[in-house]
Amino acid sequence: MDQWIETILEQFGAFGVGMLMLLENVFPPIPSELVMPWAGYSVSQGQSSFVAVVVSGSIGSFAGAWAWYWVARRIGKERLATWVDKHGAWLTISRKDIDQVDRWFEQWGAAAVLLCRLIPGLRTLISVPAGFAEMPPAKFSAYTAVGTVAWTTLLAVIGFWLGKNYGDLAGPLSWVSSGVIAVMLAIWIYRLIQQHRGRRGSTSVG
């Protein structure tokens, strides 16, 4: 996947960053922790503009967050949770995840939308309870935008700084990317197996 991300960035530049960050929010196994550092690294190599990759990445991530917010607001918690029970493993999301971020949102309110945008694994999910609670769109947009820009900028700065200070990091970054992807793939397979076992258990009980 790291080579695929690198190829997308080489071919599409800042626009590719936006596409990947949109997909990252819709399909979490594509991690922003890989996309934005690679984008920052490309800036350090003179292949992209720092402002362009941050703006494009933020717009793509914001659009993905809004998609989840709209879906949750539109169909409600029970219908979404039922769908997640059947198909959530493909997105590495479970009903338990939804319940957890829902509790955090009830406890922290709008602040959770801002803070969770800075936490891997929760960045996408926090849009869901905000939609359930019908958080005002303008307020959701403001908090999401601040958290999104902060996160994408931080990751891009890390990639840029490493590239500027340590030269050619394509090799090391590829190893790090491979490790992250291997962990996420293992988690995805585990959740898929657990979901399958849960279905078999409910079928046998029935």
**Report entry** Leu115 with Val113, same ILVMFWY side-chain cluster at under 4.5 Å
**Finding:** no
**Report entry** Val149 reachable from Leu114 in the ILVMFWY side-chain graph, under 4.5 Å edges
**Finding:** no
Between [atom1] of [X] and [atom2] of [Y], what distance do you get to the nearest 0.5 Å?
X      : Y      : atom1 : atom2 : answer
Ile126 : Leu118 : CD1   : CG    : 11.5 Å
Ile158 : Tyr41  : CD1   : OH    : 16.0 Å
Ser48  : Phe160 : OG    : CZ    : 11.5 Å
Trp151 : Cys116 : CH2   : SG    : 12.0 Å

Requested in this report: Hey, could you give me each pair passing side chain to side chain donor-acceptor pair (under 3.5 Å) that has a residue in residues 57-67? Not counting sequence neighbours.
Outcome: Asn25-Ser61, Ser58-Thr152, Ser61-Arg117, Ser61-Arg123, Trp66-Ser141
**Report entry** Residues, nucleotides or ligands: over 12 heavy atoms within 6.0 Å of Phe50 CZ
**Finding:** yes
Query raised in the report: Are any side-chain N or O atoms of Ser56 and backbone N or O atoms of Gly18, one a donor and one an acceptor, separated by less than 3.5 Å?
Result: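 Confirmed, Ser56 side chain pairs with Gly18 backbone.
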Over all atoms of both residues, closest heavy-atom pair of [X] and [Y]:
X      : Y     : value
Ser127 : Trp68 : CB-CB, 3.8 Å
Met36  : Val53 : CE-O, 3.8 Å
Phe140 : Ala65 : CZ-O, 3.9 Å

**Report entry** Residues clustered with Val55, ILVMFWY side-chain links under 4.5 angstrom
**Finding:**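 Val55 clusters with Val51, Ile59.
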Query raised in the report: Any side-chain heavy atom of Trp161 within less than 4.5 Å of one from Ser44?
Result: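 No, every pair of side-chain atoms sits at 4.5 Å or beyond.
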Query raised in the report: Can you check whether Met135 reaches Arg73 side chain to side chain, under 4.5 Å on heavy atoms?
Result: no
Report summary line: Thr144 meets the side chain to side chain donor-acceptor pair (under 3.5 Å) criterion, sequence neighbours left out, with none
